[in-house]
Amino acid sequence: MIPLSYYLVLSAILFCLGVAGFLLQRNIVTIFMSVELMLNAVNLSFVALSYHFRLLDGQIFVFFVMVVAAAEAAVGLGIIIAVFRNRESLNVDRMNLIKW
Amino acid sequence: MTTTVLLFTLLKVIVIVFVVLTAVAYAVWFERKVVARLQSRWGPTRVGPHGLLQPLADAIKLLTKEDITPANVFRLVYFLAPALSVITALLAFAAIPFGPVTLVGGVDLFQIANLDIGVLYILSISSMGVYGIALAGWSSNSKYALLGGLRSSAQMISYALAAGLSLVGVLLLSGSLNLRDIVNAQAGATWGFIPHWNIFPQLLGFFCFLTAAIAQTNRLPFDLPEAESELVAGYHTEYSSMKFAMFFMAEYANMLTVSCMVTLLFLGGWHGPVFGPALLQTMLPLLWFSLKVLALLFLYIWIRGTLPRFRYDQLMAFGWKFLFPLALVNVLLTSLIVAYRAD
Amino acid sequence: MYEAFFFLFALAAVGFAVNLVLQNHPIHSALSLIGVMASLASLYLMLGAEFIAAVQVIVYAGAIMVLFVFVIMLLNAGEEERTNFSRLAGTLGVPLILVLLASIASIVYRIAPSDEMVRFGDFHGRTADIGRMLFRTYLLPFEIVSILILVALVGAVVLARKES
């Protein structure tokens, strides 16, 4: 048996690792993946709290988060492809112009 | 969980893996034989009677061949990819029931795990299968392999959608995601001879799923990821020896999974006439199940022997503009009928 | 046994996440993220959320991450050199992240009931119940989210299209 708080702390650790990846990585695809990691971490605490309250609402919220993540991934990767066509690089430091 | 149950389960897993791998080896033999007959040839005849020992000879050949690792591959991913394909292909069998509940020592003999979300489990495991192919294509560092990997990942995502949607009709009719419940809902027959199989009310869903599944398993006429005439061998161009054999095994294991799925969801699983003494009564469902799977494998090979390969744009257009809307129409029709009946 | 599985998957998730942050080739990061997602799916199963676990693997690991891997393969950009690596992120960001983690952990320990133990099989979120809730209580959000995904679909097509 595992205390509920372990799940919540695990979720916090994963979230912080996501933030770290977001700050430290220079590759835009990896930065994007760090955002997905943060979303996943939040999902874990939703599911853990859904268990705690014996309510399914948390799981439904996770479902919505997944849908939003899918939408975000589709648009985000479209943007990445469009940027790569113009800049030939995935490094965010090179993307310092709003217009070119 | 007692130790005996654990031991029994472990034994069951080993037996099922062994059976599946043997079935995979003989599926290759079966395919060569059937395709040969379709083309007025004999197929393998030299090793054993009717070439029945050919799979063994093939295995020895593949195992003893030199294992070449090209110089510029991304090593970790290159070694990981074939393992990933085989593992995902074999994992799917964990949820497949091969026969009715037969308890020995508190353990169900014909199924490893009776999952409440059996259909979703198999869909999710098969959706992981794309990584083996995509990563193999990418890590080989070769243009043919990369093109094969790209093609397969696009193709598998596109057709996974149609495959998943075409199953919704069956799920609506049986009201469960549990494979055992779905099969049990198909027991019995109208007027004593027309079985209650889902294929009759779900003919559209059956064709959508079968087509999408053929595309997902990269078989002809949808085998563009490994189209010989343009891509050498596609994603496994740079693989040799046992690593090549693993992709081969994964492909045939996936064929078996799809055949099992179609049998369970549309063809009534193990249901069929049961008669005779007690031992025969427990074995007959297994026989019906295997016969149905075999018939579907034959259909697979028949299609392979008959149809030419699609062009890639045709394949994508077919998936998105024809199969996907068709599966949606099927969902709509089925849900209307279910709602009408519920009133 | 249950504890062992929790720690196994929790350690796997954290290990993969650390690997994601440290790798400098996107495909390795993507593989690590798939590992995180698979571990989380196993944790969801232990929390009685089997539908969410299956959807996690199908949608996240099987579709979204395939998209990522596909884009990485398509662009085929090698390892990125860390040009003028933001020193601010390293010197200020990492300590601040640690502060964030510590504060979250302390709040969790203060608020979360210490007697609440997670037992396998205590709570079983059945798929039928989730469906019923989704299409009754949460019908409006469901419809809004479906419009959102339609907009995203159109947006992605417009963005990825080659200008002729």
Side-chain angles (χ1 to χ4, degrees), chain B residues 1 6 74 76-77 80-81 84 88 91 95 113 115-141 143 145-158 160-161 163-164 168 171-172 175-178 181 216 235 320 335, chain C residues 1-2 5 19 23 25-35 37-38 41-42 44-45 48-79 120-121 124-132 135 149 153 157 160:
Chain B
M1 208 186 278
L6 208 65
F74 297 86
L76 179 70
V77 182
L80 199 67
L84 213 59
T88 49
L91 269 180
L115 299 177
D116 276 346
I117 48 160
V119 177
L120 283 181
Y121 170 80
I122 291 179
L123 281 182
S124 61
I125 290 297
S126 61
S127 75
M128 295 298 280
V130 61
Y131 286 114
I133 294 175
L135 292 175
W138 177 78
S139 65
S140 297
N141 216 347
K143 57 187 167 192
L146 182 68
L147 279 174
L150 278 175
R151 279 183 177 186
S152 84
S153 40
Q155 175 178 336
M156 284 171 96
I157 300 184
S158 312
L161 241 87
V168 173
L171 301 180
L172 282 172
S176 172
L177 287 167
N178 186 318
D181 291 351
Q216 261 194 300
Y235 59 90
W320 284 106
S335 45
Chain C
M1 185 119 129
Y2 179 80
F5 275 128
N19 196 39
Q23 287 291 346
H25 198 293
I27 206 117
H28 293 141
S29 298
L31 286 179
S32 318
L33 190 51
I34 295 163
M37 283 162 178
S42 321
Y44 292 167
L45 272 184
E50 47 181 33
F51 176 69
I52 293 298
V55 172
Q56 164 98 357
V57 177
I58 295 177
V59 174
Y60 253 131
I64 298 181
M65 288 317 292
V66 173
L67 216 58
F68 273 96
V69 171
F70 185 83
V71 166
I72 295 168
M73 278 166 59
L74 190 73
L75 303 182
N76 210 11
E79 296 181 15
F120 187 56
H124 187 63
R126 281 182 314 161
T127 314
D129 294 335
I130 292 183
R132 222 162 269 138
F135 287 105
I149 208 155
L153 192 76
V157 170

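Since this is a predicted model, take the numbers as computed values, not measurements. Chain letters run A, B, ... following the sequence lines, proteins first and then strands; every chain starts at 1.
Rounded to the nearest 0.5 angstrom, B:I157 CD1 and C:I64 CD1 are separated by 10.5 Å. Going from atom OG of B:S176 over to atom CD1 of B:I117 covers 11.0 Å, rounded to the nearest 0.5 Å.
Only the side chain of B:L177 comes within less than 4.5 Å of a heavy atom in chain C; its backbone stays farther off. Both the backbone and the side chain of C:A61 come within contact range of chain B, with heavy atoms under 4.5 Å apart. Using a 4.5 Å cut-off between heavy atoms, B:A154 touches chain C through backbone and side chain atoms alike. Looking at C:V66, the atoms closer than 4.5 Å to chain B (heavy atoms on both sides) sit in the backbone and in the side chain alike. Contacts of B:L120 with chain C are made by both backbone and side-chain atoms, with heavy-atom separations under 4.5 Å.
Scanning for salt bridge (charged side-chain N to carboxylate O under 4.0 Å, His left out) contacts around C:D129 gives C:R126, C:R132, with sequence neighbours left out. Checked against side-chain contact (heavy atoms from CB on, under 4.5 Å), B:L84 has the following partners two or more places apart in sequence or in another chain: B:Y131, B:L135.
Using cut-offs of 30° and 60° for the angle between ring planes, the C:H25 and B:F74 rings count as perpendicular.
Listed options C:I27, C:L31, C:L67, C:V55 were ranked by heavy-atom pairs under 4.5 angstrom with chain B; first place goes to C:I27.
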